[in-house]
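These notes concern the structure reproduced below.
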Amino acid sequence: MIGRYRGLLRSGELLLGALGCCLVAAPPSSAGFGHNYKNGQVTFETEHFADSSSCARCHDNIVDDEGVDISFVKKWDTTMMRFSFFDPFWRAKVQSELLRFPEYSHIIEEKCIRCHAPMASEQIITDGSSFHLFGDGGLTDPENEYYPMAMDGISCTLCHQILEGVGDSGDYSISEARVAFGPFEPDYSVMMDMAGGFYPTYSEHTSSSQFCSVCHDLYTPYVLENGDIATGTFPEQTPYLEWTASSYAVEGESFQQCRDCHMDRSNTARLSGLPAKVTARENVYAHTFLTENTMMLEMIASIAEDQGLEFSGLEQAVLDGKDYLAEAGDIEIRNLQWIAYDPNNKVDDLQVEVMVTNKTGHKMPTGIPVRRVFIHFAVYDDLGDLYFSSGDVLDDGSIYGVDADMDPAAFEEHHEVIDSEDDVQVYEGIMGRWETGKDNEPVSNVTYTLLRSSHFKKDNRLLPKGASTTTVPKLIKPYGKVVSDDNFGNGQDTVIFVVPDLGKIESASFRIEAELKDQTLSYRMVHDLEDLVKEDQTGVIQTFFEEYEHHKVQYELIDRDEVYLIND
């Protein structure tokens, strides 16, 4: 078999380990797999692909002109791109879809590994092989010949061989020649070809945002109520399409591409440590692939620690992710005034405007609709006692007052005004499924199963700057009560909070706090999997829940603001 072992965790089949000394291998023959051994490592090599460690000898141990380590493989090695195949939630979610629709297992598995295990996917297609994902002999089984390629995630020789002209939903093609496309005209091309078997080739398409769309704009099939696959698809995630609707996609001062936010940029750096005379280039992007998904990185770090494994750089990657998320948005308290609903009563209700700004180039949150961003708003008296609070996270990871967290068939509507602790402003996508209701009329019901999802029942995720509710493409239009909110759009939303009877409180002053928070996984999306734990014979859902128990209350703070109000 082909393989590379640095540390194995069976049950989750997570392979964790730091990159060591790389192997420089000659290109393999056109048939079969090449096996090469050095320092106890096993690396795979096929006609088209090689293990990421084969790139590390030359493309690691690199610092930029300011002395910052930008080692390409080392940086990539602590990202969700690297962990795409053994992301524990991804595995659990895929398994849940397979359990609910076993008759469509081939569609689910082929669609999912196309981007989460792309080298294995491409090699399986090339070989004309069959496969399954989980259990004995599956792609997660170390004895499977494609296992090493799957475990290497979204790796170097996959991305750098994708041809120009990509589509979406995994619609990419790999070069027939062993090339390595990149954003710079190469020097020492022959040396790289001889050492690693890949010929460096300049191509501008690797720098474009559209290059990212091949996997990050994903349209998934869905099953009709009668059990048939529909002719249409569901826009599961569309960050590239969202970016095209923003002001960041317009050439000019505000123009920014995906890499400008998700990859750290150096003014000047060499792309390789060998040979010594490699030309220094300007505007070099390290392969940091920053993301808000710090909870998943912490889960993987926890698994590594439990197994006594050391994964260098993962803790720093989590910290970098938190710093990155803090730049995603702003929240501001504005325009405080005393009001009264009943003119016969004393003016004793406080009205506060809270404005949220999306600073990303796509919706916030974006991607698969498992994430949510919400506002925590609170008022304290001069003794520090809490008087009013909306958006409190409870011990079980749910948010008090959010309808979906109390009832799986319900969801929290978009709010223009919040005057009760039972209401919370949650920016999210809630998926819907058409079913037959009374009198055979179609009814849209909430679902958390992707293969049942045909539309959004709610989508009030914050649009990027430059995008309005009326001008964005149909596929990414907001949905639900938000469409009538004149204060929503162009990267912002203003919510009015009314604090009842605050003027009746004998307090010299009040502290008003507003926080913008992010949850990587919504409470209901996670607990939708609970009923399948016993049914799952592979253990991947149970493995996820065991880790989730340690991280379930986690949320990340994006931004906060506070003001003090003197009670005259």
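Just so you know, these numbers come straight off a predicted model, no measurement behind them.
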Indicate yes or no: at least one non-hydrogen side-chain atom of Gln554 is less than 4.5 angstrom from one of Leu521.
no
Of all pairs that satisfy ring pair (Phe, Tyr, Trp, His ring centres under 6.0 Å), the ones with a partner from residues 206-225, not counting sequence neighbours:
His205-Phe211
Answer yes or no: is there a donor N or O on one side and an acceptor on the other, between the side chain of Arg114 and the main chain of Tyr172, under 3.5 Å?
yes
I'd like to know whether CG of Asp228 has more than 12 heavy-atom contacts from other residues, nucleotides or ligands below 6.0 angstrom.
yes
Under 3.5 Å: donor-acceptor pair, side chain of Thr78, backbone of Leu314:
no
Note, Val352 side chain near Ile496 side chain (heavy atom, < 4.5 Å):
no
Sub-6.0 Å ring centroid separation between His262 and Tyr324:
yes
Can you list the residues that meet the ring pair (Phe, Tyr, Trp, His ring centres under 6.0 Å) rule with Phe411, with sequence neighbours excluded?
none
Output for pair (Ile162 CD1, Glu122 CD), nearest 0.5 Å, gives 9.0 Å
Taking side chain as C-beta onward, heavy atoms only, is Ser420 less than 4.5 Å from Asp423?
yes
Before accepting this row, confirm whether a basic side-chain N of the pair Arg100/Asp528 lies closer than 4.0 Å to the acidic partner's carboxylate O.
yes
OH/Tyr555: more than 12 non-hydrogen atoms of other groups inside 6.0 Å:
no
Mind listing the closest non-hydrogen atom pair of Pro183 and Ser207 along with its distance?
CB-OG, 3.1 Å
To the nearest 0.5 Å, atom CG of Leu350 lies from atom OH of Tyr387 at 10.0 Å
Heavy atoms from other residues, nucleotides or ligands near CD of Glu562 exceed 12 (cutoff 6.0 Å)
yes
Quick one: which residue pairs count as a side chain to side chain donor-acceptor pair (under 3.5 Å) with a foot in residues 327-336, not counting sequence neighbours?
Asn335-Glu353
Pro408 meets the side-chain contact (heavy atoms from CB on, under 4.5 Å) criterion, sequence neighbours left out, with Arg524
Met263 side chain near Asp260 side chain, heavy-atom distance below 4.5 Å:
no
Grab the two heavy atoms, one from Lys93 and one from Leu529, that are nearest each other, plus how far apart they are.
CD-CD2, 4.4 Å
What pairs with Phe85 under ring pair (Phe, Tyr, Trp, His ring centres under 6.0 Å), at least two apart in sequence or on another chain?
Trp90
If we only count heavy atoms from C-beta on, is the Thr436 to Glu225 side-chain gap below 4.5 Å?
yes
Cys115: partners by disulfide bond (SG atoms under 2.5 Å apart), with sequence neighbours left out:
Cys215
Around Asn226, counting heavy atoms of other residues, nucleotides and ligands shown, do more than 12 lie under 6.0 Å from its CG?
yes
Just jot down the disulfide bond (SG atoms under 2.5 Å apart) partners of Cys156, sequence neighbours excluded, or say none.
none
Taking the side chain from Thr238 and the backbone from Asp217, do they hold a donor-acceptor pair closer than 3.5 Å?
no
Donor-acceptor under 3.5 Å (Asp493 side chain, Val356 main chain):
no
When rounded to the nearest 0.5 Å, the distance separating OG1 of Thr206 from OH of Tyr285 is 12.0 Å
Check whether any side-chain N or O of Asp559 sits under 3.5 Å from a backbone N or O of Leu516 as a donor-acceptor pair, and report yes or no.
no
Do Glu109 and Ser105 meet the criterion of a side-chain donor-acceptor pair at a distance under 3.5 Å?
no
Answer with yes or no whether the side chains of Asp422 and Tyr400 bring together a donor and an acceptor at under 3.5 Å.
yes
Is there a donor-acceptor contact under 3.5 Å linking the side chains of His376 and Ser389?
yes
With a 3.5 Å cut-off and no angle check, do the side chains of Thr360 and Asn358 form a donor-acceptor pair?
yes
Can you tell me if Thr449 and Glu97 form a side-chain donor-acceptor pair at under 3.5 Å?
no
Within-4.5 Å side-chain heavy-atom neighbours: Ile418 and Phe377:
no
Glu253, CD atom: more than 12 neighbouring heavy atoms under 6.0 Å
no
Test item: Asp171 side-chain N/O and Asp168 main-chain N/O as donor-acceptor pair under 3.5 Å:
no
Under the criterion side chain to side chain donor-acceptor pair (under 3.5 Å), I'd like the reasoning laid out for Thr294 against Glu556: C-alpha separation, chi angles, the key distance, then a yes or no.
CA-CA 9 Å; Thr294 56; Glu556 298 294 351; 3.1 Å; yes
Just verifying a value: how many Å separate Asp320 CG and Asp264 CG, rounded to the nearest 0.5 Å?
7.0 Å
Any side-chain donor paired with an acceptor under 3.5 Å for Thr291 and Asn293?
no
Pairs involving residues 459-472, ordered by first then second residue, that meet side chain to side chain donor-acceptor pair (under 3.5 Å) (sequence neighbours left out):
Lys363-Asp459, His414-Asn460, Asp459-Arg461, Ser468-Thr470, Ser468-Thr471
At what distance, to the nearest 0.5 angstrom, does OH of Tyr240 lie from SG of Cys212?
9.5 Å
Heavy atoms of other groups near Tyr479 OH, more than 12 under 6.0 Å:
no
Would a distance-only check, ignoring hydrogens and angles, find a side-chain to backbone donor-acceptor pair under 3.5 Å from Ser398 to Leu394?
no
Answer yes or no: are there more than 12 heavy-atom neighbours, outside Asp396 itself, under 6.0 Å from its atom CG?
yes
Residue pair Val402 / Phe374, side-chain heavy-atom distance below 4.5 Å:
no
Exercise: do Glu242 and Thr366 side chains pair donor with acceptor under 3.5 Å
yes
For Glu547 and Ser302, does a side-chain donor sit closer than 3.5 Å to a side-chain acceptor?
yes
Check: His287 ring centroid to Phe289 ring centroid under 6.0 Å
yes
Scan residues 440-470 for pairs that pass ring pair (Phe, Tyr, Trp, His ring centres under 6.0 Å), counting only residues two or more places apart or in two chains.
Phe234-Phe456, Trp434-His455
Quick one, Met119 and Ser155 - any side-chain contact, counting heavy atoms below 4.5 Å?
yes
Heavy-atom pair of closest approach, residues Pro500 and Asp419:
CG-O, 3.5 Å
Result for side-chain contact (heavy atoms from CB on, under 4.5 Å) between Leu451 and one of Ile108, Leu98, Ile107, Thr220 points to Ile108
Can you sort out the partners of Val533 under side-chain contact (heavy atoms from CB on, under 4.5 Å), two or more places apart, ordered by chain and number?
Ile541, Gln542, Phe545
Look at the side chain of Ser246 and the backbone N and O of Gly466, then say whether any donor-acceptor pair between them is shorter than 3.5 Å.
no
Among all residues two or more places apart in sequence or in another chain, which pass the ring pair (Phe, Tyr, Trp, His ring centres under 6.0 Å) test with Tyr548?
Phe544
Sequence neighbours excluded, which residues qualify as ring pair (Phe, Tyr, Trp, His ring centres under 6.0 Å) partners of Tyr427?
none
Assess whether a salt bridge exists between Lys458 and Glu428, defined as any Lys/Arg side-chain N lying under 4.0 Å from an Asp/Glu carboxylate O.
yes
